[in-house]
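Here is the naming used below: chain letters follow the sequence lines, and residue numbers restart at 1 for every chain. Source: prediction; values computed, not measured. We use all heavy atoms of the structure for the numbers below, so side chains are in, but hydrogens, waters and symmetry mates are not.
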Protein chains: 2
Amino acid sequence: MKSDFNAYNYLLQHDIKPSVQRLAIINYLYEHRTHPTADEIYAGLIDQIPTLSKTTVYNTLNLFHQQAAILALTIDDKNVRFDIDTSDHAHFKCLNCAKVFDVPAVLDSVTSVALEHGFVVTEKHLYLKGYCSSCNESPNK
Amino acid sequence: MKSDFNAYNYLLQHDIKPSVQRLAIINYLYEHRTHPTADEIYAGLIDQIPTLSKTTVYNTLNLFHQQAAILALTIDDKNVRFDIDTSDHAHFKCLNCAKVFDVPAVLDSVTSVALEHGFVVTEKHLYLKGYCSSCNESPNK
DNA sequence: TATCAAATTTCTAATCATTACAATTTTATA
DNA sequence: TATAAAATTGTAATGATTAGAAATTTGATA
Ligand SMILES: [Mn+2]
Ligand SMILES: [Mn+2]
Ligand SMILES: [Zn+2]
Ligand SMILES: [Zn+2]
């Protein structure tokens with residue numbers, strides 16, 4: 001079954017000129033909701049686009065982030081992770097299996113406190129860490 | 001005026017054996033609430049302890065974090081920042097001047113959602129990004 | 001269609017925060 | 001004091017990300 005995601009229009013809507021590489025990367029993010037790293041995206045596309053450069057992956061992800069087409073998550077201190085879902089939600093990282101899960105969340109109350117301080121808020125990130133249900137049942141220590 | 005913070009007892013309370021270096025680092029964090037990086041802490045202490053090694057700073061901060069004596073903030077994708085204040089609060093990073101500010105916050109509601117998913121939560125981080133009141137008034141673009 | 005400039009991609013090397021590892025020093029204990 | 005364990009240090013390695021220049025592609029225009 002073919003994806004109903006229109007990558008081309010998605011990029012245009014965020015003032016990003018489409019290209020083969022950009023379309024492949026945004027499609028990858030649409031299809032892989034695991035919050036992949038730049039390296040994982042590169043590895044996932046190199047067979048499909050053998051000329052792809054890792055620099056292009058980084059440049060493109062930074063461009064997408066600038067244009068607010070994706071989120072850049074710093075829940076991991078080693079790698080930045082990327083997310084096509086820019087809606088209001090939190091993330092949970094398992095300290096055992098390293099997976100990053102989505103968690104429903106509403107963050108309006110905190111934002112309003114920041115506004116009272118005179119801050120202009122452009123990004124909100126709520127990161128939870130601990131142990132996921134799988135790892136909690138059978139810890140790998 | 002001398003600080004009323006008992007660094008020695010603070011470390012003992014977190015099952016950390018005190019040493020000259022460890023006391024200096026925890027005192028630095030007590031006195032500098034700017035969420036400094038490991039490098040800033042090293043630079044701030046090298047005159048006081050000329051033999052101090054940057055490796056020791058990293059080792060010590062990791063130990064403090066393991067023992068839950070401090071927070072390790074990944075609000076910045078370049079450097080980890082450290083905070084002696086382990087109470088429930090959020091952080092705001094200015095994208096212009098790069099300062100990291102404290103913001104009051106209560107995150108219980110989100111944690112409860114995570115618990116419903118079977119997650120065991122050990123850390124909560126709420127990061128806001130945007131422009132602080134100083135930079136907002138006179139943007140440096 | 002040929003030409004040219006701008007935009008994009010690519011390659012390579014650099015950067016730089018953090019860690020690995022082995023050697024040295026300090027501390028605790030017998 | 002002798003010895004082992006713990007902590008600190010110095011150096012080199014690691015690895016994600018970026019810088020910068022060269023190559024390729026795109027798009028407009030003649
Ligand atoms: Mn997500
Ligand atoms: Mn803080
Ligand atoms: Zn897990
Ligand atoms: Zn600012």
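Taking CZ of A:Phe82 as the reference point, atom CD1 of A:Ile26 lies at 11.0 Å (rounded to 0.5 Å). Separating the CG atom in A:Leu95 from the SG atom in A:Cys135 is a distance of 9.5 Å, to the nearest 0.5 Å. B:Tyr10 OH to B:Asn6 CG: the interatomic distance, rounded to the nearest 0.5 Å, is 12.0 Å.
When the side-chain nitrogen and oxygen atoms of A:Ser19 are compared with OP1 and OP2 of D:dT26, none of them lie within a distance under 4.0 Å. OP1 or OP2 of D:dT9 sits under 4.0 Å from a side-chain N or O of B:Gln21.
Of the residues near DNA chain D, B:Lys17 and B:Asp77, the one whose nearest nucleotide (by heavy atom distance) lies more toward the 5' end is B:Lys17.
Pairs of residues two or more places apart, or lying in two chains, that qualify as side-chain hydrogen bond (donor to acceptor under 3.5 Å, both in side chains) and include a residue from residues 101-119 of chain B are B:His35-B:Asp102, B:His89-B:Asp102, B:His91-B:Asp102.
The nearest whole Å value for the distance from the OH atom in A:Tyr58 to the P atom in D:dA16 is 6 Å. The distance from atom CZ of A:Phe82 to atom C1' of D:dA16 is 11 Å, rounded to the nearest whole Å. The CG atom of A:Asn79 sits 11 Å away from the P atom of D:dG15 (whole-angstrom rounding). Distance, A:Lys78 NZ to D:dT17 P: 11 Å, rounded to whole Å.
The salt bridge (Lys or Arg N to Asp or Glu O under 4.0 Å) test applied to A:Asp39 returns A:Lys54, not counting sequence neighbours.
Overall bending of the helix from C:dT1-D:dA30 to C:dA30-D:dT1, expressed as the angle between end axes built from five pairs apiece, is 20° (10° steps).
Considering all non-hydrogen atoms of both residues, B:Ala114 and A:Leu128 come closest at CB-CD1, 3.6 Å. For the pair A:Lys129 and A:Ile75, the tightest heavy-atom approach, listed with the atom from each and the gap, is NZ-O, 3.1 Å.
Nucleotides of DNA chain C with any atom under 4.0 Å from a heavy atom of chain A span, from 5' to 3', C:dA7 to C:dT19.
Residues from residues 61-68 of chain B placing a heavy atom under 4.0 Å of any atom in DNA chain C, listed by number, are B:Asn62. Listed by residue number, A:Thr51, A:Leu52, A:Ser53 are the residues of residues 35-53 of chain A with a heavy-atom contact under 4.0 Å to DNA chain C.
Checked against a 6.0 Å centroid threshold, the rings of B:Tyr131 and A:Phe119 do not count as neighbours. Between B:Phe92 and B:Tyr127, the ring center distance fails the sub-6.0 Å criterion.
Taking a cutoff of 4.0 Å between a charged side-chain nitrogen and a carboxylate oxygen, B:Lys93 and B:Asp76 qualify as a salt bridge.
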